[in-house]
Structure formats: structure tokens, C-alpha cells
J.: 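Got a structure for you, written out below as C-alpha cells; questions coming shortly.
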Amino acid sequence: AATGIRSIVVATTEGSTGVRASEVFKGRNVVVVSHAHGFKTPNEQELRAEDAAKIKANGAHLVTCGHPFAGVGRAVRRKYNTYELDDLFADCLRMFGQGVKVTIEIAMMAADAGLIRTDEDVICVGGTNRGADTAVVLRAANTQDFFKTRIQEILCKPKLA
């Protein structure tokens, strides 16, 4: 069960979900994870500046960094038209749904930033496109310890087609 959990990690793209989570869970350790700068378009940030300011004003932490499943491996895929291990990991996790993949990825990002512990369960919330449709309780691992990630409970996720 999700009792006694102190940290909530939430994915956000443009900012709406992050703002809402920072309001709903105010007073807890809320970590909002955005896309890396340049993720969609070079030299641009998808997270709206006004939403980033609201998230911080509500006392939440904001993580904007490279994604474990979309880093150097993606560059190799784009340049050489081949797939790397990070693509394989991401696609395997997507068998449970895009949101499950996102929750594991943002947990690693938050752990790598030092904003959640790897010896405590956290709630991670992600989504398929816009908004949040998936929530899991997990024990995060740092990216270099990916296989130590433990999904304790899937709280909700959409049915897959």
C-alpha cells in the first residue's frame, strides 16, 4: 500500500500536470520532472516559464535533465539507423503502457538529481500523451543501477489497446 510515502514524482511536459501536482501535494516532497531542454526542438524548453515559476512557488522541486531512455542511444539510433539498449528497455516497459515507462524514467531522473532516496518507496505519476494516467509505487534506483528499480504496486494505468 502507499501509506507512509513522503515523496511524489510527477512528469510534466508543458507544465499543467506539474502545477496541479504541486498544489495537490503541497507540503510533501514533490518532484516535477520536465522534458530535457531541446527534447522536441533544439534550443527550446517545452515547460512554460510561468508554470515552472508556479511549481517552484508551491514548494516543489523541478528536474530538467537528460532522459535515461533518450540519451546517447537516441543519437546513435538517429545517426546510424540502429537501435540501442535504452530503446529496448523503453519498449519492454511500454508493454505495460507508456505511463509505466515514464514513471520509471522520471524516478531515475529524480534519484540522479538527489531529490528522492533510493531506499524508500515513492509514488510516481506519468502519462501517455498529455496529463497523467498512470501511477505506481516504486523503489527508485539511480540510472547506473537501473536493474535495482523495484515496482511495488501499480496504482492505476490505462487499459492497452
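Scope of the values below: all heavy atoms of this structure, side chains included, with no hydrogens, waters or symmetry mates. The shown structure was predicted, so the numbers you read here are calculated from the model rather than taken from an experiment.
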J.: For the pair Asp87 and Arg77, evaluate salt bridge (Lys or Arg N to Asp or Glu O under 4.0 Å) and give the outcome as yes or no after the intermediate values.
T.: CA-CA 9 Å; Asp87 294 305; Arg77 176 169 40 93; 3.2 Å; yes
J.: What heavy-atom pair brings Ala107 and Cys124 nearest, and what distance separates the two atoms?
T.: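 Smallest interatomic distance, heavy atoms only, reads CB-SG, 3.7 Å.
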J.: Please tell me if the side chains of Leu93 and Asp91 come closer than 4.5 Å, counting only heavy atoms from C-beta onward.
T.: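 Contact flag for Leu93/Asp91 side chains = no.
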J.: Does Asn81 CG have over 12 foreign heavy atoms under 6.0 Å away?
T.: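 Not more than 12 within 6.0 Å, no.
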J.: Could you check if a side-chain atom of Asn142 sits within less than 4.5 angstrom of a side-chain atom of Thr118, using non-hydrogen atoms only?
T.: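 Yes, their side chains come closer than 4.5 Å.
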J.: Yes or no on side chain to side chain contact (heavy atoms under 4.5 Å, CB included) for Arg139 and Gln152, after CA distance, side-chain angles and deciding distance?
T.: CA-CA 7 Å; Arg139 178 89 31 117; Gln152 307 293 22; 4.0 Å; yes
J.: Determine, using the 4.5 Å side-chain heavy-atom cutoff (strictly less than), whether Ile116 and Val102 are members of one ILVMFWY cluster.
T.: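 They do share one cluster, since a chain of ILVMFWY contacts under 4.5 Å joins Ile116 to Val102.
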J.: Output all residues satisfying ring pair (Phe, Tyr, Trp, His ring centres under 6.0 Å) with His61, sequence neighbours left out; order by chain, then residue number.
T.: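 Ring pair (Phe, Tyr, Trp, His ring centres under 6.0 Å) check on His61 returns nothing, list empty.
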J.: Do you know which of Leu138, Asp121, Val137 makes side-chain contact (heavy atoms from CB on, under 4.5 Å) with Glu153?
T.: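 Testing each of Leu138, Asp121, Val137 against Glu153, the sole residue satisfying side-chain contact (heavy atoms from CB on, under 4.5 Å) is Val137.
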J.: Could you check if a side-chain atom of Thr134 sits within less than 4.5 angstrom of a side-chain atom of Pro158, using non-hydrogen atoms only?
T.: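 Yes - at least one pair of side-chain heavy atoms lies under 4.5 Å apart.
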J.: Would you say Val9 and Val125 are hydrophobically clustered, going by side-chain heavy atoms of ILVMFWY under 4.5 Å?
T.: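 No, it is not one cluster - the side chains of Val9 and Val125 are not joined through contacts under 4.5 Å.
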J.: Tell me whether Tyr83 is reachable from Leu88 by hopping between hydrophobic residues (I, L, V, M, F, W, Y) whose side-chain heavy atoms are closer than 4.5 Å.
T.: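 Cluster IDs for Leu88 and Tyr83 differ.
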J.: In terms of hydrophobic clustering (I, L, V, M, F, W, Y; side-chain heavy atoms under 4.5 Å; direct or indirect links), are Ile8 and Ile55 co-clustered?
T.: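 Yes; tracing contacts between hydrophobic side chains, which count when under 4.5 Å, links both residues.
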J.: Please report the closest heavy-atom contact between Ala111 and Ala141, naming both atoms and the distance.
T.: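 That would be CB-O, 3.9 Å.
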J.: Any idea which heavy atoms bring Glu46 and His35 closest together, and the distance?
T.: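 Where Glu46 meets His35 most closely, the heavy atoms are OE2-ND1, 2.6 Å.
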J.: Check Val63 against Ala113 and note the closest heavy-atom contact, atom names and distance.
T.: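 Heavy atoms of Val63 and Ala113 come nearest at CG2-CB, 4.0 Å.
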J.: Minimum heavy-atom separation for Thr82 and Val76, please, with both atom names.
T.: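 Result for this residue pair: CG2-CG1, 4.0 Å.
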J.: Output the distance between atom CZ (Phe69) and atom OG1 (Thr143), rounded to the nearest 0.5 Å.
T.: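 It is 8.0 Å, given to the nearest 0.5 Å.
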J.: Strictly distance-based, threshold 3.5 Å: is any side-chain N or O of Asn29 a donor or acceptor partner for the main-chain N or O of Leu115?
T.: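 Yes; at least one donor-acceptor contact below 3.5 Å.
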J.: Compare all side-chain heavy atoms of Lys56 with those of Ser22 and state whether any distance is below 4.5 angstrom.
T.: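 No, side chains not in contact.
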J.: From Met109 CE over to His67 NE2, what is the distance, rounded to the nearest 0.5 angstrom?
T.: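 Separation between the atoms: 4.0 Å.
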J.: Looking at CZ of Arg117 and OG of Ser7, how far apart are the two atoms once the value is rounded to the nearest 0.5 Å?
T.: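 Atom-to-atom, Arg117:CZ and Ser7:OG are 9.5 Å apart.
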J.: Pairs in or reaching into residues 86-111: which pass ring pair (Phe, Tyr, Trp, His ring centres under 6.0 Å), with residues at least two apart or in two chains?
T.: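 For residues 86-111: Phe89-Phe146, Phe89-Phe147.
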J.: Report the C-alpha separation of Ser34 and Gln45 in whole Å, then their side-chain angles, then the decisive distance to 0.1 Å, and conclude whether the side chain to side chain contact (heavy atoms under 4.5 Å, CB included) test is met.
T.: CA-CA 9 Å; Ser34 69; Gln45 175 51 250; 4.2 Å; yes
J.: First locate atom CD1 of Ile106, then atom CG of Asp112, and finally report the distance between them rounded to the nearest 0.5 Å.
T.: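 Ile106 CD1 to Asp112 CG: 13.0 Å, rounded to 0.5 Å.
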J.: Could you give the distance from OG1 (Thr12) to CD (Glu14), rounded to the nearest 0.5 Å?
T.: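 Spacing of OG1 (Thr12) from CD (Glu14) equals 8.5 Å.
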J.: Are Val10 and Met108 connected in the hydrophobic side-chain network, where two residues link if heavy atoms are under 4.5 Å apart?
T.: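 Val10 does not cluster with Met108.
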J.: How long is the span from the OG1 atom in Thr64 to the CG atom in Leu62, to the nearest 0.5 Å?
T.: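 Rounded to the nearest 0.5 Å, the OG1-CG separation comes out at 4.0 Å.
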J.: Are the charged groups of Arg20 and Glu23 less than 4.0 angstrom apart, N to O?
T.: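 Between Glu23 and Arg20 there is a salt bridge, with a charged N closer than 4.0 Å to a carboxylate O.
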J.: Taking the basic N atoms (NZ, or NE/NH1/NH2) and the acidic carboxylate oxygens, is any pair closer than 4.0 Å for Lys101 and Glu105?
T.: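 The answer is yes: the pair qualifies as a salt bridge.
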J.: Looking only at non-hydrogen atoms, find the nearest pair between Val32 and Ala60 and report the distance.
T.: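 Looking at all heavy atoms of both residues, the shortest contact is CG2-CB, 4.3 Å.
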